[in-house]
Structure formats: C-alpha cells, structure tokens
Amino acid sequence: MKSYDHKSIEKKWRNKWEKDGLYKTPDSAKGRENFYLLTEFPYPSGNLHVGHWYAFALPDIRARFESMRGKNVLFPIGFDAFGLPAENAAIKNKVNPRNWTESNIEYMKGQIKSMGTSFDWSREVQTIDPDYYRWTQWMFLQFFKNNLAYRKDTPVNWCPKDKTVLANEQVVDGKCERCDTEVVQKQMLQWNLKITNYADRLIDDLEPLDWPKEIKDSQRNWIGRSEGAEIDFPLVGNVKDDSRFLLLHGRESTSAGEYQPWLKAELEKRGYEVEVVDLPNPNEPNDKEQADYVEKHCKLDERTVVVGHSFGGVVALRLLERGHKVRRVVLVSTPYSGRFLDKKVRKSVTAALKKRFDFETIKKNAKTFMVVPDAKDPVVPASDGEALRKELGAMYMPGKANSSHFTADIEQDVLMMCAPTIRVFTTRADTLYGGTYLVLAPEHPWVQLALAHKGLLENEDEVVRYIDTSSKKTEIERQAVEKEKTGVKLKGVRAINPATGKEIPIWVADFVIGSYGTGAVFADAHDERDYAFAKKYGIPFKETLEPVATKTTGADALKPNMPLIDRQAAMAIVRHPTEDKYLGVTYKPTSVKGFISGGIEDNEKPEEALKREIREEAGFTNIKNVRQLGSVIHSRFWSVKYNRNTNSHYLPFLVELEDLAREEVSAAEKAEHDMEWMSPTELETFINRDDWRAAWNRLQGRAYAGKGILFDSGEFSGLTSDEAIPKIGAKFGRIVKQYHLRDWIVSRQRYWGVPIPIIHCAKCGMVAVPDKDLPVKLPEVKDYLPEGSGKSPLAKATKWVKVKCPQCKGPAERETDTLDTFVDSSWYFLRYSDPKNKKKFADRKKMDAWMPVDLYSGGAEHTTMHVLYSRFWQKALFDLGLVKDSEPYKRRMNRSLILGPDGQKMSKSRGNVVDPDEVVARLGADTVRMYLAFIGPYNEVSSFPWNPDGVAGIRRFLERVVRLSECVVNEEVPENESILHKTIKKVGDDIQALKFNTAISQLMISVNHIEKRGKIAESQWDVFLRLLAPFAPFVSEELWYDAGHKTSLYSAEWPAYDAERLVDEKVTIAVQINGKTRGTALIDVGIDSIAQEAEAQKSVQDRLIGKKIARTVVVPGRLVNFVLEE
RNA sequence: GCCGCGGUGGUGAAAUUGGCAAACACGCUAGCUUCAGAAGCUAGUCCUCGCAAGGGGUUGGGAGUUCAAGUCUCCCCCGCGGCACCA
C-alpha cells in the first residue's frame, strides 16, 4: 500500500520547481497567447490567514490550467507594503517600520510558497522599494504638471488618535476605519487628485466591461451622478441698494471677455447700473497706466462697487491707494505674490506687483473687500487670495470657477458676490412653480456674506447661534435621518422664485449639505422632507402636481398598443361613524385593494356620483359630510370589467357617515367586491395601487413625492413631470450634472509612505522635484510619532527638509506629507510587466504585451476604492499617452469570504481563527487548496464557513487517489460510460467558469468509477493526473513522476476529449403522465421519437389502461410526457 | 429610503439554462472489521403514509404562464452587502 507523506512530497517538489525556474514567465512565448491573471497583492501584516489562501491558491488553479492549455500566463505577486500598521507597530515596539515590514515579507513569502502557487517570484514588486516608488513619485509629478494634482485648503476627516487625515472611504460610520476613533472635521492644506474630472468617463466606460453587475453598480453608485438643473433665485429685501458697478477686466482681455458681458446683463436685469471699460494695453498691462485711464474715464464714488478680475483687481487696489472712496471691492482671482505657473504671465504682471500696496490707505477707502479665489486656479495660486484676505481683512469667498481662473462666459459665483443671487440645484425642476421657500446650508457662502454686512439680517444673533450649534454637531449627528429637521429663517431678505415672480422666504437649515450641489435648495410640497419642514415652521406650501399612477405589472397592468379611454371618476375614503376605521374594498377580478370608486355620469356632480356609488356598493345611505382631498389623481390601468385601458381621473373625497344604516346591496355588486372596516395601520399594507395610496397619503398629510401632471405652472401646466423637468430647467436655469464623488485627497501626515516629491520655495512656489533627483527617499527619523500639529513625522528630519530650490537655487523646503497607500496600488499591475526597469515605470512594449489584465481577482472590500482609484490612474496615464488602454481590467471578479467553523467572521476575539499553517502541517497544502476550491463556487460573492470535517474529507479523497496508483495496469481498460472524457470536458469548462467546486465533484465521480472497476490503464491515469494537477499540484507531480515521466506535469498539455465519446449509447429517459414522472425507460440514443414514445408507453402501460391520451410530448433523449384527457 | 445580491435536505452545495430536484461531499444511522480508539469497508439518509410493494408531497409564501417551473411573469415575506438629510 502506497502511503501519502505530504510533508516530504511538498518539500521535494517546491525545491525542484524553484531550482528549475518552472514558473518564470517570459514576456512572450512562441505559439502561446499571453494571459494576465492578477490577484490583489497582500499587505505584509505578518501572518497568512485562510483568506490569503483563498485569494492566492484558487486563482492558481486557473493559472496552472491556462498554462497547461498553452497560454503564456503572467501570474505575479508582490507586497503593498506601505501603510499604517507598520508605523503603529514601529511606534509601539520602537522598531523601524522598514525592518518590521521586511521581516514580515520574508515570513509571508515562505507561507505563500507553501501553498504550491505558481507565482513568478522573479517579477515580485514591493511598493516600499525605492525603485518602485520612484515611479509612483514620477507619475504623481506628471499629474502635478498636468493640473491633475493640486493643493487645497480642504475640510478633512481628521483622526485625533492616528493624527492624520483620512479619505472619505476610510471613515466608517464617522469613525476611523483602523482605530475606531471618532473622526473630526478640520481645515487643512491637502494634496488632491482631480478624479472628479473623470467622473463621467469612470461611469460611461463601465458599460462595455465584462464585470459582474454588482461591481459596476457600486462603482456608479459611489460616483453618484445625478442630472438636474441649476436655477438662480435673485434676492430682495435689505440687500436691495443703490450700488453701481464698475467691471475691470484682466490681462489679455476686454470688456467683452470672460464673464463680463454676462455679469453686466445679469446685474442690469436686477436694476443695477453697470459700467464697463476697455483698459489700455491689455496684453502688457501696466497698473499705473490703467489706473490713470479709469480715473479719467470712469465714475468712482461711494455708490460704486468695483469688480476686478485678475489684473483688474490690482488696478482696483491702486485706485483706492490713490484715495478714491468706493462702497465695495470684489477681487476675483487677483494676484498678489507675483508667482505664477506660467512664465509669460509672470513677466508682465510681477512688475506691477513689485511695488508694494499701501494696504492701510486702501482699507480706509472701502467698506467691504471680498476676495474670490479659485481653488484650482492654474494661473494665480489660491494662496494669493489667502494673503490678500489677511492684508485687507477681507471677506474670503472661495469660489467654484466654471472654468479655472474664472474664465468662462458664465461665472455664477462672481455674480453671487456682486448682486445677491442664490443658485440652487434640483433634479425636480417640474415643481419649480411650487417652490415656496429656499433653504441654504449653514456653510453657504452667501450666509457668511450676509452676516458680514451688519444689519442686513434682522435676526443676526439667532442665525449666528444656529450656525454655531450646527457646526458643533458631528457629521453623524447632522446626518441622523430620523432627527427632526431644524432651521432658522433669514429675516430681512427674500428670494424671488424666477418662475412665479413671487417673493419667498429664505431659511438656513443643516439638512442641506454645503458640499453637494450648490449648497442650496428650493423647497416645495412634493418632497417629503421639504413638506415636513414647511409644516413644522408654518411656511406656506403649494402643490403643483396631480399624481399619475400607471400600473405596469399585475392583472390590471396597462396593455400596450391599446387605446386609452378617459373616464371621470370619484373615489371615496369612507370613515366609520364612531371608530377610527375606514372602508377597505377588494375588487374581486383583479384583487386590487383600495376604496370605493365609481365613474361620474354626464350631468352628475362628483358628490352625487359618490353618494350613488356608496349606496350601490356598500349600501350606506346617511352621509354626514363629504370633503374633497386635493386635486385630481390620474390612474392608468387595464380595466378587467370593461376590457379596456382606462385613464381614470379620480377626484378623491373623505366621506363621513352619520350612522351604519344601510340598504340591501345587489347580488351583482356583492360579487364584485369585498368590504371591511380597517384601521389606518391595516390600510397601510392593504392598499396595493398607487392611485389609492396617493389619496390615502393626502388624508394622512403626507407629501406626494412622485411624478405627475403639472398644474398652476404657467405655460407648463398639463405637461407630465418628465416632459417638464428639462423644459423648466432650461428656461429658468441650465441643465447640469452633479456627482457624489469628491476629489481624492492623497496626502497623509504619516511617516511610512511615499514622500510627495514637491519642494516649497518662497519665491517660486511649489516646484516639482526634477526627474534626475527621483526617488525622493524616505529620510530616517528618530521616532515615528506624528508631530501632532498636522505635519508628518518627516518634518522632524530637518536636514532632509532643507533643500535648494531646483529653479532659483534659493533656500527651500521639502513637502513632508506622504501619499495615501491607495496611490501605490493604483499602478502596481503595470510594473509587473517589467519590474526591473530602471529607466521607465515599464517598457511600453512589454506593458502592451500584457495589459489590460485578463482576469482580476480580488476582495469585495475593494470594489469601490481601489478599483475606482486604479481605473482613474489608468485613465490619467492614458490621457498622458503613457499606456495603451484607458481601462486596466478586462474582467474583475469578487471573491467570497471564508468564515470560522462557527459561521462567524474569523477573529481573534471570537477564537474561531483557523491557522492554515497548522492544517497544512497536518493534512498538507494540496488538501487545503482543494478543500477551499470545493467549498463553493468561486465566481459568486458569498461566504463559506470552514468545516474541519470537510477538510478531512478532501484528505481522504487524495489518499484514495494515491492508493489508486496501485491499480494502474499496462493494458487496455475499456472506459465505463466514457467517464474520463466527460471529466476532461467538465473540469475544463468549470475551471474556466471559476466553478472549481463542481470540477472537483466530477473528479470524485471519476475516482468512484475507477475504484469500482479496480483498475485503470496507464494512458487513462496520465489523463487523470493532468486533470487533478491544477487542484493538487504537489501530489499530482509526485504521482506523475512515479508513473515514469521524466519532465514536470506542468509542462504537459491539458488533455483533449473526444466529443463523440461524450454521448452514451443508451440513456434513461423520464416518462411522465400529466407532467408527473411515473416511470423511466432505457432507450438507445438516437432512436426516432416514435420509437421513443413506444418504449415510454411500455413502461407506464398499467397506468394508461382505460385512459385516453390527448397529447404526447416527446423530447428526444430526455423524456416523454403523456397528457391524458379529462 | 435607494441600489445590489441571495433564500433548495441536518450542513457546504448541484441541477446540460424550462425537461427525472437534491449530483458531489460533510454529518448522521445501522452493520462488518478492530483489544480499544482512529481509519477503512457495506447499506441507508429531502419530508410523509405504509411491514412491504407502493402512494402523496417538496426548492421562503401566494398567484400566473406551460404538456412540463428551483429556473419565466407578478405580488408579498425574510436574510446579507453597499449607499444615504444627494435636493
């Protein structure tokens, strides 16, 4: 009896494979197609768990299979080795994070190799390798140079414990993903990547990908695109004044440039006087010359508001310096430092800025200064705005430019700073005519603006108090959906609804989010939240939609291509005279559940029709009171009774009865409906059609938030919501898209990461480290605790921080933040194609030979973050011409989760952690691999508990296979039912479909057959071993050599099957009577259906006696069904 | 609330895509083997009525389409995951 000594077998073959370089992948191989199989590289936490086995050993099955099938398979591995745990361990144990990480990697390598994976270790990639992160830095700089990376003062999620900034994705339920500490909001200068530029492409490019639906959906969901309209509401009240405006354009512009003509028109529309001017020498502007010109040609008085764009702002300041008194100065993207990214600009404008401003004088000559910088301005750094704000004590209004540097034709934020206008975002422009108030987020810039003008708001204190309270609330408190909405009215101002022309009140409430849309909404009666808020604070509301309920499913669904017959009708919610109960009606043919209803005859009043229906259907005669419940409710459904598509226009009523006195109801009526008194709670679940639900909700005082037909909406009355939304949006505003996705904040105030390769110079601003100086290596520091003030521990390496500016050679400082580790993993799959390249991140030809990834296997936890980030990265590289494809992964799959034996997630605290090393030592790596493969389908997201008995079962199976080698005979053994050919087909098909579990079950079936037969021919044994090979590589190789082969099983070809032999000679068919299986028949394959029917009839002869066969259904080779007459 | 995934024996799960539901395993039961344990072998194991032959039922619940439904359609229930004061 052969014994199965897994320990010696595994050791032997692991060493031999490594020595022979069996798994080295060439960049191309003659006659072999390239196949790139990627699994997410691990974080070197120190110990491999069962999940790692699931992640690596199962794709290995596919890798070995593809390789045996003749593909040149790239199946690489590496380590995502930067990140917090190393640093936390370093702080705790006073060790170097690099040492900690590297020793973990060494240990885990051994573990991964023990799995018998066919990884090509010669292509290993580690993100902490300076030869790797040189290119991480290089790519970051490409983004920086192309305006995809920028620094911005951002409200960030700050973890007080880890003392670092977290990405939105790292905040779970308002807590730090890693340490569970409550996250707080903080304003900090952060590096961002402009992933929002790619929002549309990240959604649209998903369409053709061969990915599971749920992955695509969660990507779309995360980006959160919604289409709607932005609509402007002019403000009136205390804001109305006698200001006149003077618009000063910037360099290389005229009075007809940028937003100037639009702004002029908008201001004039609001009744303001506007003066524009063409300044001399705009291409090489001179501030003195232009100021002289304005003095001479323009009016400057105490009513004047000067709006200066860019260089025009400089001119404005010069005018005040000369003593001109004006009311207000608005500085849009105005330069101050004289540092510009564009050298041409620097030359002409810095000259003007060399002369210092006399801010003391300037400040005296206007009441208010407003600085409007553009955060993403590529011309004037946003920090200039910050500096001007300090010098002038100005109001600081960071704007969102439509085009950077506010160069678009329409720049709403500029208008907002000039003339009070609130822009709202809505997806439901159809309800605009019912917009009866505005709600602003507490952080809305206009609220700040209004508060800065003392006396503008009549309830300043109240507003300030409200804003304070809500800013102190944590994000979680603010987002608690259940909580009562709170808000405060802005007294002294009103907005004008552009559709109705009516003045409406303005509220501030923290249920409106400053960062989404425009931070402002108009509120109407067709939104649950707005409606509830209006009721709470007694704000008037107005319905403008008649509900439309269209039945598309069920027995009363509209039938397509049939005319729609209009019908005037009334519906009655009948209240019980003494109890809080209502009459629920079930209509019998369709089991539609609602209330009493009926058509209104000609010359009949709705109330009369109603009384008649109530008497006819329910018999009640004494009606006390009838009250109409709002406007018409339209209902489109198939009428079973009249056999036609009906468009019922219901008037809903509440009917109160005097008493329960009733007449006899006719039998015909009784047959049509059941009636029952029901409590409101019962009715909630009883009603099953939207028209009745709409009436019921009205009675309950709930908003109708669905779509409908517009009324009281001017020229749009009578349109449906879907028709009106784009029309109203376009007439009173513009159609826009909004995204939930924010730019990706990539800076981290942490040591153990890639240093951001930027140098800060007082003169030149932010300067990229030149390519020749890359990589910027992580400096050594004494301890790794964050500095605490928001600077990373790198700031402690003072010598390292001090550098010469690469541009001006003056003293400068390095950026001390490091990059988010998601940056490291956004391109590692490219590096695998050429991991040792010193000149490029990868050779273009080698990359093109492998990319895009054919199959990417990963964890469901990475569906949104990592996959989205790396897709963005790939697209950015694609736009820079650095890669061939704009999508990195052809196919992505999410793997399931392995639970502990108790069905719970494995965790140390639960004590249900399965140690794979222990199981491997006891039962062998082949057993563990094969067990995990057998546990369930690999291509579905689910979770499987680890079953110790199940593992033992697989071990038994492998032992039986080993014993089977004793049965190999050097003679022909006729196959039993072509079982081997069926197995070749099924195993191959199932591996490709990633259903390893059924592939293994087929291997088991074939072993059962062979055991029964007691012998197997040598050639058949060879085939069997090749089928087993991907699953149990060690033992298969052992048996292969045992069988006399001299070269590795993994250089053998995958066996082919004979399609003809898959078909059996005889087959058992099912014989049914009336669709129920009553017997079986063994028939020859390929006999005609008449013969098959005859065979079948024989097998159920007894049951057919005295019966008449009405019909026979014959499915060749499958079944025969005799349908009997009644 | 919205989006997605799922619900089949005691357990993990199969089911040529509408054609004999429960393959393959685990577990369990009985027997054989064994000093004993472990392992192995044989038989049984969806439920139910029946000594048996055999009958009836069954894929979360209900309705429908069909000769035939785990699979298609509709309504409802439950579980899991993600997003969420998103205008």
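In terms of the ring pair (Phe, Tyr, Trp, His ring centres under 6.0 Å) criterion, residue partners of Tyr54(A) (sequence neighbours excluded) are, by chain and number, Tyr938(A). Looking at residues two or more places apart in sequence or on another chain, you find a side chain to side chain contact (heavy atoms under 4.5 Å, CB included) between Glu543(A) and Ala525(A), His526(A), Arg698(A), Phe711(A). For Lys542(A), the side-chain hydrogen bond (donor to acceptor under 3.5 Å, both in side chains) criterion is met by Asp712(A), not counting sequence neighbours. Evaluation of the side chain to side chain contact (heavy atoms under 4.5 Å, CB included) rule for Pro1116(A) yields Gln1092(A) as partners, not counting sequence neighbours. With sequence neighbours excluded, the residues satisfying side chain to side chain contact (heavy atoms under 4.5 Å, CB included) with Pro937(A) are Asn939(A), Glu940(A), Phe944(A), Asn997(A). For the side chain to side chain contact (heavy atoms under 4.5 Å, CB included) test, residues two or more places apart in sequence or in another chain that qualify with Glu227(A) are Arg225(A), Lys737(A).
Phosphate contact (OP1/OP2 of G57(B), side-chain N/O of Lys1076(A), threshold under 4.0 Å): present. Phosphate proximity of U17(B) to Arg1118(A): absent, as no side-chain N or O sits under 4.0 Å from OP1 or OP2. Taking 4.0 angstrom as the limit, His740(A) places none of its side-chain polar atoms (N or O) nearer than this to OP1 or OP2 of C83(B). Residue Arg529(A) places at least one side-chain N or O under 4.0 Å from the OP1 or OP2 atom of C86(B). Look at Arg428(A) and you won't find any side-chain N or O under 4.0 angstrom from OP1 or OP2 of A87(B).
The distance from atom CZ of Phe511(A) to atom P of A87(B) is 13 Å, rounded to the nearest whole Å. Computed from coordinates, the Lys1012(A) NZ to A43(B) C1' distance equals 13 Å when rounded to whole Å. In this structure, Phe233(A) places its CZ atom 16 Å from P of A87(B), rounding to the nearest Å. Rounded to whole angstrom, the span from the CZ atom of Phe944(A) across to the P atom of C26(B) amounts to 18 Å. Whole-Å rounding puts the Phe1122(A) CZ to C67(B) C1' distance at 12 Å. Rounded to a whole Å, the CZ atom of Phe522(A) is 15 Å from the P atom of C86(B). Nucleotide C86(B) holds its P atom 8 Å from the NZ atom of Lys485(A), rounded to whole Å. Taking atom CG on Asn894(A) and atom C1' on G82(B), their separation rounds to 12 Å, with Å as the unit.
Residue contacts shown for Asp530(A) are absent, as no nucleic acid heavy atom lies under 4.0 Å away. No engagement by Pro212(A) is indicated, since no non-hydrogen atom pair under 4.0 Å with the nucleic acid exists. When heavy atoms are screened at a 4.0 angstrom cut-off, Thr1068(A) is found touching base atoms of the nucleic acid. Residue-level contact check: Ser218(A) touches neither bases nor backbone, having no heavy atom under 4.0 Å from any strand. When heavy atoms are screened at a 4.0 angstrom cut-off, Val1123(A) is found touching the sugar-phosphate backbone but no base atom.
Taking the six-membered ring for Trp and the full ring otherwise, Phe541(A) and Tyr531(A) have centroids separated by under 6.0 Å. You'll find the ring centres of Trp692(A) and Tyr587(A) inside the 6.0 Å limit.
Identified under the side chain to side chain donor-acceptor pair (under 3.5 Å) test for residues 946-955 of chain A, with sequence neighbours left out: His6(A)-Arg955(A), Arg955(A)-Glu959(A). Listed by first and then second residue, the salt bridge (Lys or Arg N to Asp or Glu O under 4.0 Å) pairs that reach into residues 927-936 of chain A are Asp60(A)-Arg929(A), sequence neighbours excluded.
Nucleotides A13(B) and A68(B) place their C1' atoms 25 Å apart, quoted to the nearest Å. Distance check on atom P: A23(B) versus A15(B) gives 13 Å, rounded to whole Å. Remark: the separation of the P atoms in C46(B) and U11(B) is 13 Å, to the nearest Å. A gap of 27 Å separates the C1' atoms of C26(B) and C78(B), to the nearest Å. Distance check on atom C1': A38(B) versus G56(B) gives 43 Å, rounded to whole Å. Going from the C1' atom of G9(B) to that of C24(B) covers 14 Å, rounded to whole Å. For the P atom pair drawn from C76(B) and G1(B), the interatomic distance equals 13 Å after rounding to whole Å.
G50(B) makes up no base pair with any nucleotide shown, lacking Watson-Crick or G-U wobble contacts both under 3.5 Å. The pairing partner recorded for G1(B) is C83(B), the criterion being a Watson-Crick or G-U wobble arrangement whose two distances lie under 3.5 angstrom. Pairing of G10(B), defined by two Watson-Crick or G-U wobble distances under 3.5 Å, is identified with C26(B). Across all strands shown, U66(B) forms no Watson-Crick or G-U wobble pair with both key distances under 3.5 Å. The nucleotide C32(B) finds its pairing partner in G40(B), both defining distances of the Watson-Crick or G-U wobble pair being shorter than 3.5 Å. The partner of U58(B) is absent, by the rule that a Watson-Crick or G-U pair needs both atom distances under 3.5 Å.
Contact detail for Leu899(A) and Gln904(A): the closest heavy-atom pair is CB-O, 3.4 Å. The heavy-atom pair separating Leu868(A) from Leu741(A) by the smallest distance is CD2-CD1, 3.9 Å.
One donor-acceptor pair, N or O on each side, does fall under 3.5 Å between the base of C67(B) and the side chain of Asn1121(A).
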Table of protein N/O atoms under 3.5 Å from nucleotides 31-33 of chain B N/O atoms:
none

Under 3.5 Å between N/O atoms: give me all the protein pairs with nucleotides 3-8 of chain B, atom names plus distance.
none

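Contacts between residues 994-1006 of chain A and RNA chain B, counted as heavy-atom distances below 4.0 Å, involve Lys995(A), Asn997(A), Thr998(A), Ser1001(A), Met1004(A), Ile1005(A).
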Contacts under 3.5 angstrom, residues 424-439 of chain A side chains, donor-acceptor by atom type, not counting sequence neighbours:
unit_1, atom_1, unit_2, atom_2, d
Thr426(A), OG1, Arg428(A), N, 2.8
Arg428(A), NE, Asp430(A), OD1, 2.9
Arg428(A), NE, Asp430(A), OD2, 3.3
Arg428(A), NH1, Ala705(A), O, 3.1
Arg428(A), NH2, Asp430(A), OD2, 2.9
Arg428(A), NH2, Gly706(A), O, 3.0
Asp430(A), OD2, Ser721(A), OG, 2.7
Thr431(A), OG1, Arg428(A), O, 2.9
Thr431(A), OG1, Asp524(A), OD2, 3.0
Thr436(A), OG1, Pro540(A), O, 2.8
Tyr437(A), OH, Asp530(A), O, 2.6

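By the 30° and 60° cut-offs, the orientation of the rings of Phe533(A) relative to Tyr537(A) is tilted.
A side-chain N or O of Gln1002(A) and one of Thr983(A) form a donor-acceptor pair less than 3.5 Å apart.
Taking only side-chain atoms of Ile513(A), from C-beta outward, the nucleotide of C20(B), A87(B), G56(B) with the closest atom is A87(B).
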